Asks: 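I have a structure I would like to understand better, so I am pasting it below and will then ask my questions one at a time.
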Amino acid sequence: MRVATWNVNSLGARWPRVAHWVREHSPDVLMIQETKQSDDRFPYAEFAELGYESAHLGQGQWNGVAIVSRVGLRDVAPGLAGDDEARHIAATCGPLRLHSCYVPNGRALDDPHYEYKLRWLDSLRDALAARDESERTVVAGDFNVAPSDLDCWDPAALAGQTHVSEPERRAIGEIEATGLIDLARELHPSEPCFTWWDYRRSSYARDWGLRIDLVLVDAAVAAASTACWVDRAEREGDKPSDHAPVVLDLDEQRLS
DNA sequence: ATGTCCCAACTTTTGGGA
């Protein structure tokens, strides 16, 4: 079974690449962030032609999250309690309970948006702490936090900025403490595994990246996982998103 | 050169967000 997460930075602008990527890589489930679409513009029919059911929580110009699946899609839960932005959607697809997350950026440490980001992460933690432990859980998406210095191209250059602050990293740690494993880091303890590169300053060519797109899984999913990898090729070529997809491959037989 | 890309709109240029 293959599950992927991808911040597409506008599904409208990225549709040709998304459709091509889905055909090439055949994910069973794709979690999408930053669709930047209202629900009435979401390409439900186009995904259906590719064999996928879709659940979308849209907002319009900003945010927007989705889960598309070819292995069933039920018990859709759009939105995080108390949040009025389109940043979280959960659904059950086959044997997995999946959460597609788009964590607030934070903007700057002294910006009110940063406080919103920390509160949002606390809300996600609370929702995950209350989950049904019998469900096999995958929490994935754009967390806008680099959990450690290994996840940064130059930690010194980022000092004093969002994405690397101690409160943000602590909030990620508290989410993991609900019983979730940062799978890319678990399987690749010494590789950076960047997932995002700024469009500016030729950042991709210089490999000035961050690992901010995470796949957090419970112990049962971790035990069944055979790979967790970043599709850097998707960050190249014409009109890429600034994020690359992160792919989780698992052996469904080992999910007991 | 706060350097690029994407969106909306009092839309053909500007401002907000990442």
Side-chain angles (χ1 to χ4, degrees), chain A residues 5-21 30-43 46 56-66 80 83-89 100-121 124 140-147 151-165 167-169 171-172 194-214 230-246:
Chain A
T5 181
W6 189 7
N7 179 324
V8 298
N9 184 18
S10 169
L11 188 52
R14 215 68 57 211
W15 175 252
R17 290 191 73 130
V18 172
H20 184 257
W21 192 87
L30 176 61
M31 290 180 269
I32 305 171
Q33 300 85 39
E34 281 205 270
T35 62
K36 297 187 177 179
Q37 285 174 323
S38 53
D39 290 331
D40 61 351
R41 291 207 178 175
F42 187 85
E46 289 85 348
H56 180 235
L57 177 63
Q59 187 179 319
Q61 183 178 4
W62 306 119
N63 311 317
V65 285
L80 209 54
D83 187 36
D84 59 1
E85 298 195 355
R87 296 180 175 278
H88 176 266
I89 190 167
S100 177
C101 305
Y102 177 47
V103 176
N105 174 284
R107 297 174 190 163
L109 299 184
D110 60 355
D111 191 300
H113 206 252
Y114 178 73
E115 294 303 320
Y116 170 53
K117 179 181 196 173
L118 295 178
R119 288 198 309 274
W120 199 96
L121 285 166
L124 178 63
D142 177 2
F143 282 77
N144 273 316
V145 179
D151 304 311
C152 308
W153 62 274
D154 183 357
L158 295 163
Q161 298 182 38
T162 61
H163 295 56
V164 298
S165 73
E168 291 165 273
R169 287 176 167 175
I172 298 299
F194 297 148
T195 66
W196 173 86
W197 299 259
D198 200 306
Y199 284 124
R200 295 166 288 191
R201 302 190 293 171
S202 303
S203 294
Y204 183 77
R206 292 160 148 157
D207 202 21
W208 289 356
L210 295 176
R211 189 176 71 95
I212 56 176
D213 297 87
L214 307 180
V230 180
D231 186 11
R232 291 178 66 117
E234 188 52 47
R235 182 61 180 79
E236 300 170 2
D238 290 333
K239 286 192 166 288
S241 171
D242 45 354
H243 296 252
V246 183

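This structure is a prediction, so every number in the text was calculated from the model and none was measured. Throughout, a chain's letter reflects where its sequence line sits, starting with A, and its residues are numbered from 1.
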Asks: For A:D83, check salt bridge (charged side-chain N to carboxylate O under 4.0 Å, His left out) against everything at least two apart and list the hits.
Replies: none
Asks: Taking the nucleotide of DNA chain B with the closest heavy atom to each, which residue, A:R206 or A:R14, is nearer the 5' end?
Replies: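 It is A:R206, whose closest nucleotide lies nearer the 5' terminus.
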Asks: Taking only residues two or more places apart in sequence or in another chain, which ones pass side-chain hydrogen bond (donor to acceptor under 3.5 Å, both in side chains) with A:E234?
Replies: A:R17
Asks: Rounding to an integer number of angstrom, what distance separates B:dC10 and B:dC6 when you compare their P atoms?
Replies: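 It comes out at 23 Å once rounded to the nearest Å.
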Asks: Return a table of donor-acceptor pairs under 3.5 angstrom between the side chains of residues 157-164 of chain A and protein atoms on other chains or two or more places apart.
Replies:
from   : atom 1 : to     : atom 2 : distance (Å)
A:Q161 : NE2    : A:A157 : O      : 3.1
A:H163 : NE2    : A:N144 : OD1    : 3.0

Asks: Send over the distance from A:W208 CH2 to B:dG3 P, rounded to a whole Å.
Replies: 14 Å
Asks: If you measure from the P atom in B:dA1 to the same atom in B:dT12, how many Å do you get, rounded?
Replies: 28 Å
Asks: Check each of A:V8, A:T5, A:N7 against A:H243 using the side-chain contact (heavy atoms from CB on, under 4.5 Å) test, and report the only one that passes.
Replies: A:N7
Asks: Restricting to salt bridge (charged side-chain N to carboxylate O under 4.0 Å, His left out), what partner residues turn up for A:D231, sequence neighbours left out?
Replies: none
Asks: Which residue, A:G12 or A:R201, contacts DNA chain B at a nucleotide closer to its 5' end, judged by nearest heavy atom?
Replies: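 Closest to the 5' end, via its nearest nucleotide, is A:R201.
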Asks: Return the set of residues passing salt bridge (charged side-chain N to carboxylate O under 4.0 Å, His left out) with A:R200 (not counting sequence neighbours), or none when no residue passes.
Replies: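 Partners of A:R200 under the salt bridge (charged side-chain N to carboxylate O under 4.0 Å, His left out) test: A:D198.
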Asks: Say we look at B:dT2 and B:dA18: how far apart would their C1' atoms be, to the nearest angstrom?
Replies: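 Their C1' atoms lie roughly 12 Å apart.
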Asks: For every nucleotide of nucleotides 13-18 of chain B, 5' to 3': is a protein heavy atom under 4.0 Å from its base (B), only from its sugar-phosphate (S), or from neither (-)?
Replies: ---BSB
